[in-house]
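Here the structure is a predicted model, which means the values were calculated and not measured.
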Amino acid sequence: MIELITIAAGVGMGAVGCGVGMLIGRRGEARRAALDLEDHRIDADRAAENHRRDVEALSRALDELRGRAAISLAGSLPRDAAPDRPTARALERFPARLRGLATVDEAVVAQADGLLATPVDDAQLARAATLVADLGPLCDMRLPGFIGLTVERRGQDPLTYRLLPDWTGGAWLVVAGRGGPVNGLALDTAIAGAFVGQNHVPPSQMLTGRAPPPASTPSILDMDGAFQAAAVVADGELVAYGAIGGPARDVMAHMVPGLVALAGRVRHWCGAPLTLRLDNPHGEWLVWSPLSDGRALVVVGAGPVVDELALERLRGRVRRITTTSVVEVEDFQIEEQAS
C-alpha cells in the first residue's frame, strides 16, 4: 500500500512538473514571440522612416531639377536688348537656348531667303531649313497669321519651324526634334527670353469661334467634338467641308491653295509628310493630312496637342463616306447639310 502511494505521489509530482515546465516553455515562447514582434515593428518603423526620407530627398531633387530647367529657359531673364540688325552672333542665341533639351536634336536659324544664319553640322537639317524661303511668303500672303509649322515624316524625327521676332528680318528657327515634336511652349519661352523688348508673336486672325454651331452638325464632324472644322481637299480645291464654330467655308477655301503649295514645298525640301501642323499665336492649329488618291484631310482646332485617336477616326470616316469620284464627295456633303 505504501508503495502504491509512493508511486502515485511520484506520478503526480511528475505530472505537475511537466505542467509547470510546459507553462514555463509557453511563457518563454510567448516572450520570444513578443520580442520578435517588437523587432519587426521597429524594423518596419525604420523602413517607413527611411522611405519617407528617400521620398523627401527625391522630391527635393525633382524640385531642384525643375528649378534648373526653368532657369535655363525662363528664369534667366534676358539682359540685352535686341540688336538693330540680325547679326550671326545675335541669332545664335536662339538655337543656343534650346541645346540640351531632351526633345531637341539640333537647331538652326534660317534667314528669310532660306540661307543659313547660324552653323549646323546636319546636312538634312540644312536642306530642310531652305523651306523658310517659301514658308515666309506663304504665311504672309496665303496663310496669314501662322507663326509655326511642324512637319512629321514617316521613319524620321519631326521638324519644327518658328517665326522669330521682327528685328530678325523674317528669320525662322528650325528645330529637329528627337523622338517627337518639340514643345511649342518651350520654343516660345526660348525665343522670348533671348532678348529684352522683342515683338515675338505678331497679331493674327482667329480660326475658331467665328460662328455659332449650326442646328444640324455635318456628318463629317459628327464625332466627339475634338475639332472645330474639317475639310476634304482634292485637286487643289475644297470639295467637302463641315464646321462647328470654325472658320467660314470661304475662309477655308481661300487657304486651300496656300496649303497645297506648302505641302508641295515641304515634300521637295523635307520629304513626303505624314502631317503638317500650322500654329497661330492664339493657340489654334490647322492640321493637313494626306489621304489616298491625291486627297487631303484638313482639320482645325485649339489647344496644345492634337487628339491623334480622334484624327485617325476622322480619317477612317472620310475614307468610308467618300468614293473615288470627287463629285460624289460633294453630293454627299450637300445631302448631309440639307438633311
Student check: side-chain heavy atoms of C139 and L163 closer than 4.5 Å
no
side-chain contact (heavy atoms from CB on, under 4.5 Å), that's the test. Do V151 and L276 meet it? Break it down for me.
CA-CA 5 Å; V151 179; L276 301 178; 3.8 Å; yes
Ignoring hydrogens and angles, tell me if any N or O in the side chain of N280 forms a donor-acceptor pair with the backbone of H282 under 3.5 Å.
yes
Point-to-point distance, once rounded to the nearest 0.5 Å, from OG1 of T160 to CD of E152:
8.5 Å
Which atom pair, heavy atoms only, marks the closest approach of R142 to P257?
NH1-O, 3.5 Å
Start with the C-alpha gap between Q228 and E284, add the side-chain angles, then the distance that decides, and say whether side-chain contact (heavy atoms from CB on, under 4.5 Å) holds.
CA-CA 10 Å; Q228 277 72 48; E284 301 169 324; over 6 Å; no
Work out which heavy atom in S204 is nearest to a heavy atom in P281; give both atom names and the distance.
OG-CD, 3.1 Å
From CA spacing to verdict: side-chain contact (heavy atoms from CB on, under 4.5 Å), L131, C270
CA-CA 8 Å; L131 174 65; C270 309; 4.3 Å; yes
side-chain contact (heavy atoms from CB on, under 4.5 Å) assessment of H268 paired with D134:
CA-CA 11 Å; H268 175 75; D134 301 305; over 6 Å; no
Under 3.5 Å, side chain of W285 to main-chain N/O of G303, donor-acceptor pair present?
yes
Kindly compute the distance separating OG1 (T275) from CZ (R153), expressed to the nearest 0.5 Å.
11.0 Å
Test item: R277 side-chain N/O and T150 main-chain N/O as donor-acceptor pair under 3.5 Å
no
Output for pair (L164 CG, I147 CD1), nearest 0.5 Å, gives 10.5 Å
With rounding to the nearest 0.5 Å, note down the distance linking CG in L159 to CD in Q124.
9.0 Å
Is there side-chain contact between L311 and R315, with heavy atoms separated by less than 4.5 Å?
yes
Between atom CZ of R93 and atom CD1 of I191, what is the distance when rounded to the nearest 0.5 Å?
14.0 Å
Exercise: identify the closest heavy-atom pair between P247 and A229
CD-CB, 4.0 Å
Please give me the minimum heavy-atom distance between M252 and A231, naming the atom from each residue.
CG-CB, 4.3 Å
Side chain to side chain donor-acceptor pair (under 3.5 Å) contacts in which one or both residues fall within residues 161-176, not counting sequence neighbours
R162-D188, D166-N199, W167-Q198
Show me the donor-acceptor pairs within less than 3.5 Å that the side chains of residues 98-106 make with the rest of the protein, sequence neighbours left out.
unit_1: R99; atom_1: NH1; unit_2: E92; atom_2: OE2; d: 2.6
unit_1: R99; atom_1: NH2; unit_2: E92; atom_2: OE2; d: 3.3
unit_1: D105; atom_1: OD1; unit_2: R178; atom_2: NH2; d: 3.2

Are any of the side-chain heavy atoms of L286 and F146 separated by less than 4.5 Å?
yes
Residue of the set V298, L291, V239 for which side-chain contact (heavy atoms from CB on, under 4.5 Å) holds with V233
V298
Does atom CD of E237 have more than 12 heavy-atom neighbours from other groups under 6.0 Å away?
no
What is the distance from atom CG of L207 to atom CG of L278, rounded to the nearest 0.5 Å?
9.5 Å
